[in-house]
Amino acid sequence: QVQLVESGGGLVQAGGSLRLSCAASRRTLRAYAMGWFRQAPGKEREFVAAISWSGSSTYYADSVKGRFTVSRDSAKNTVYLQMNSLKPEDTAVYYCAARGSGFYSVTEAGYDYWGQGTQVTVSS
């Protein structure tokens, strides 16, 4: 069982930056691919970014490509989502997820464990 806890959300003005963290407890994340998803009010949860277990491969949704960066620190058992040039349409609850396989997935069903989410609000 993997427990994930997101942090780093908050209120930021358009154009600003935030860094989200996803820390794991009970088990190491070394063998897990990790993903970030988000859910805006009234919308379905959508894929944002993912990273392979080794960190050598990443993938981004078109809407965040060039603005967001996913990374991982195995020593800290933590995955990060650096978000730059934020837009009001980035406002959502952001979730991290762990996949019990080395390579990532872009679908919710591909992940086994989820965090509780952290709110990101971008004001115009």
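Start at 1 with the first residue, then count along the sequence.
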Would you check, one step at a time, whether the test side chain to side chain contact (heavy atoms under 4.5 Å, CB included) holds for Ile51 with Tyr104?
CA-CA 6 Å; Ile51 187 167; Tyr104 49 73; 5.7 Å; no
When you compare the side chain of Leu86 with that of Phe68, does any pair of heavy atoms fall below 4.5 Å?
yes
Side chain to side chain contact (heavy atoms under 4.5 Å, CB included) between Arg45 and Glu108: does it pass, once the steps are laid out?
CA-CA 8 Å; Arg45 191 152 54 183; Glu108 291 184 61; 3.0 Å; yes
Could you walk me through whether Asn84 and Ser17 pass side chain to side chain donor-acceptor pair (under 3.5 Å), step by step?
CA-CA 4 Å; Asn84 299 329; Ser17 298; 2.9 Å; yes
Can you establish whether the number of heavy atoms outside Lys43 located under 6.0 Å from its atom NZ is more than 12?
no
Between Ser105 and Tyr111, do the side chains contain an N or O donor and an N or O acceptor separated by less than 3.5 Å?
no
Would you find a donor on one side and an acceptor on the other, under 3.5 Å apart, between the side chain of Asn77 and the backbone of Ser74?
no
Mind checking the OG1-CG spacing from Thr121 to Asp90? Nearest 0.5 Å is all I need.
11.0 Å
Does Val79 belong to the same Ile/Leu/Val/Met/Phe/Trp/Tyr cluster as Val5, with side-chain heavy atoms less than 4.5 Å apart forming each link?
no
Taking the six-membered ring of Tyr80 as reference, does the cationic atom of Arg19 (NZ for Lys, CZ for Arg) lie under 6.0 Å from its centre and within 45° of its axis?
yes
When every non-hydrogen atom of Val70 is compared with those of Trp36, the smallest separation belongs to CG2-CD1, 3.8 Å
Nearest-0.5 Å distance, OG1 of residue Thr91 to CD of residue Gln119:
7.0 Å
Could you go step by step and tell me if Thr69 and Met83 meet the side chain to side chain contact (heavy atoms under 4.5 Å, CB included) rule?
CA-CA 7 Å; Thr69 303; Met83 306 186 295; over 6 Å; no
How long is the straight-line distance from SG of Cys96 back to CD of Gln116, given to the nearest 0.5 Å?
7.5 Å
Does OH belonging to Tyr59 count more than 12 external heavy atoms closer than 6.0 Å?
no
Side-chain heavy-atom pair Tyr60, Asp62 within 4.5 angstrom cut-off
no
Mind checking whether Phe37 and Tyr95 have ring centres under 6.0 Å apart?
no
When rounded to the nearest 0.5 Å, the distance separating OG1 of Thr118 from CG of Leu81 is 11.0 Å
Arg38 and salt bridge (Lys or Arg N to Asp or Glu O under 4.0 Å): which partner among Glu6, Glu44, Glu46?
Glu46
Can you see which heavy atom on Ser124 is nearest to which on Ala14, and at what distance?
CA-CB, 4.4 Å
Cation-pi check, Arg72 to Trp53: give yes when NZ or CZ is under 6.0 Å from the six-membered ring centre and within 45° of the ring axis, no otherwise.
no
Rounded to the nearest 0.5 Å, how far does CG of Leu4 lie from CG of Asp112?
10.5 Å
Please check if the side chain of Ser52 supplies one atom and the backbone of Ser57 the other of a donor-acceptor pair under 3.5 Å.
yes
Measuring from Tyr113:OH to Leu29:CG, what's the distance to the nearest 0.5 Å?
11.0 Å
